[in-house]
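Structure first, commentary second.
Proteins get letters first, then strands, A, B, ... in listed order; numbering begins at 1 in each. All values derive from a computational prediction rather than experimental measurement.
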Number of protein chains: 2
Amino acid sequence: MEAAVSEILKRSQLSVTDSRKRILEFFHQSSGALAHADIERLSGEQFDRVTIYRTLQTFVEKGIIHSIPTADNSIRYALCKDDCAEGHHHDNHIHFVCDKCGTTFCLDHVSIPAVQLPMGFTSSQTDVIVSGVCKQCNAA
Amino acid sequence: MEAAVSEILKRSQLSVTDSRKRILEFFHQSSGALAHADIERLSGEQFDRVTIYRTLQTFVEKGIIHSIPTADNSIRYALCKDDCAEGHHHDNHIHFVCDKCGTTFCLDHVSIPAVQLPMGFTSSQTDVIVSGVCKQCNAA
DNA sequence: TACATATTTGCAACTTTGTTGCAAAACAAA
DNA sequence: TTTGTTTTGCAACAAAGTTGCAAATATGTA
Ligand SMILES: [Mn+2]
Ligand SMILES: [Mn+2]
Ligand SMILES: [Zn+2]
Ligand SMILES: [Zn+2]
């Protein structure tokens, strides 16, 4: 794990530092998306708040994670899959927020439905956020 | 206009006050959605920030306006159409954010597409935010 | 390995955004 | 007009995010 995250950082031409390794590990260990506050909690007093802000920002720029808009207006982040690179995200999937456990999932295999816009409007991006109850919570 | 907004307030069983009338007028005069900061700017020093927060909250509860999730994580609000009432919103439309002018539109006549969720997931609500270039900006 | 250079971090100070309690002001009903 | 209820503004606070800068850490080279 430790070696794997270092590789990812190097591939993105980032210096390999404690905070970056640690924060990237959190994402690999988590099933859902993480907010700034989650990382702050997970890391205890290990890093300064500012470092977490800057690390998340850097990861987004490098195409390592993407940010997720949610209905309750809290920014969350999740790992990008394959083909995101610096300045080029290709995260064409919908997001699901569980009303029970609060987890935010990337549903990678559900593609974004096409919407028919009124005349004159042109679209560059479509975000879909579905809320409801997730698999785990429905089973329980 | 002044009389019209007073009517709406009374219908929702709200006291008719200066701030409520004024803020509701802003929404009727605006083509797009408004954020708290927009209202603060539009009203100058006329009202306290706290009053604006409380007024928006009250309007949402009464079904007069609805809040709109946006990709840049700023809450915006727009007027509800017909059949929203206290505690019962029926705003089944998508939202469009223009990358050029920044305006957020409610596209009332575009219905929410159905998405096929993975086994085990059940949905209660779907939010769709399309970004791109709006009619006005495309024409210009 | 040691050094020089470039990058990142932590701290402090600050801004912006949002919340709460409470007394004064405004409103609604009689 | 009077009375009781609701709303407002103020103050104080909490949470969230930003910026500049010096110290610490990482990287590439000798
Ligand atoms: Mn995602
Ligand atoms: Mn709307
Ligand atoms: Zn769940
Ligand atoms: Zn536009």
Exercise for review: Classify the angle between the aromatic ring planes of B:His90 and B:His88 as parallel (below 30°), tilted (30 to 60°) or perpendicular (above 60°).
Suggested key: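 Ring orientation of B:His90 relative to B:His88: parallel.
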Other members of the hydrophobic cluster containing [X], with the 4.5 Å side-chain heavy-atom rule, please.
{"X": "B:Tyr53", "value": "none"}
{"X": "A:Met119", "value": "none"}
{"X": "A:Ile129", "value": "A:Val97, B:Val97, B:Ile129"}

Point to revise | Partner set under side-chain contact (heavy atoms from CB on, under 4.5 Å) for B:Ser123, not counting sequence neighbours | key: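 By the side-chain contact (heavy atoms from CB on, under 4.5 Å) rule, B:Ser123 matches A:Val130, B:Leu117.
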Exercise for review: Walking along DNA chain C from 5' to 3', note the first and the last nucleotide with an atom under 4.0 Å from a heavy atom of chain A, and give both.
Suggested key: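 From 5' to 3', the first and last contacting nucleotides are C:dT7 to C:dA12.
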Review point. Can you list, by residue number, the residues of residues 57-70 of chain A that have a non-hydrogen atom closer than 4.0 angstrom to DNA chain C?
Key: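 Here the set is empty: none.
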Point to revise | Members of residues 34-43 of chain A that approach DNA chain C, where some heavy atom sits under 4.0 Å away | key: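 Per residue number, the list is empty: none.
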Check your understanding: Does any pair with a residue in residues 96-119 of chain B pass salt bridge (charged side-chain N to carboxylate O under 4.0 Å, His left out), and if so which ones, sequence neighbours excluded?
Key ->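 Pairs touching residues 96-119 of chain B that pass the test: B:Lys81-B:Asp108.
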Rounded interatomic separation in angstrom, taking [atom1] from [X] and [atom2] from [N]:
{"X": "A:Ile52", "N": "D:dA16", "atom1": "CD1", "atom2": "P", "value": "12 Å"}
{"X": "B:Tyr53", "N": "D:dA14", "atom1": "OH", "atom2": "P", "value": "17 Å"}
{"X": "B:Leu24", "N": "D:dT7", "atom1": "CG", "atom2": "P", "value": "15 Å"}
{"X": "B:Asp48", "N": "D:dA12", "atom1": "CG", "atom2": "P", "value": "14 Å"}

Point to revise | Contacts of A:Phe121 that satisfy ring-ring contact (aromatic ring centres under 6.0 Å, His included) - sequence neighbours left out | key: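 Once residues adjacent in sequence are excluded, the partners of A:Phe121 under the ring-ring contact (aromatic ring centres under 6.0 Å, His included) criterion are B:Phe96, B:Phe105.
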Practice item. Within residues 3-22 of chain B, find the residues that approach DNA chain D with a heavy atom at under 4.0 Å, and present them sorted by residue number. Key: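 DNA chain D contact set from residues 3-22 of chain B: B:Ser15, B:Thr17, B:Ser19, B:Arg20.
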**Study point:** Angle of first-five versus last-five pair axes in the helix from C:dT1-D:dA30 to C:dA30-D:dT1, to 10 degrees
**Key:**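 Roughly 40°, once rounded to the nearest ten degrees.
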**Study point:** Gap between atom CD of A:Gln125 and atom NE2 of A:His89 - 0.5 Å precision
**Key:**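 The distance works out to 10.0 Å.
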List the atom pairs, donor and acceptor, that lie under 3.5 Å between side-chain atoms in residues 54-65 of chain B and the rest of the protein, sequence neighbours left out.
unit_1  : atom_1 : unit_2  : atom_2 : d
B:Thr55 : OG1    : B:Thr51 : O      : 2.7
B:Thr58 : OG1    : B:Arg54 : O      : 2.8
B:Lys62 : NZ     : B:Ser12 : O      : 3.4
B:Lys62 : NZ     : B:Glu86 : OE1    : 3.1

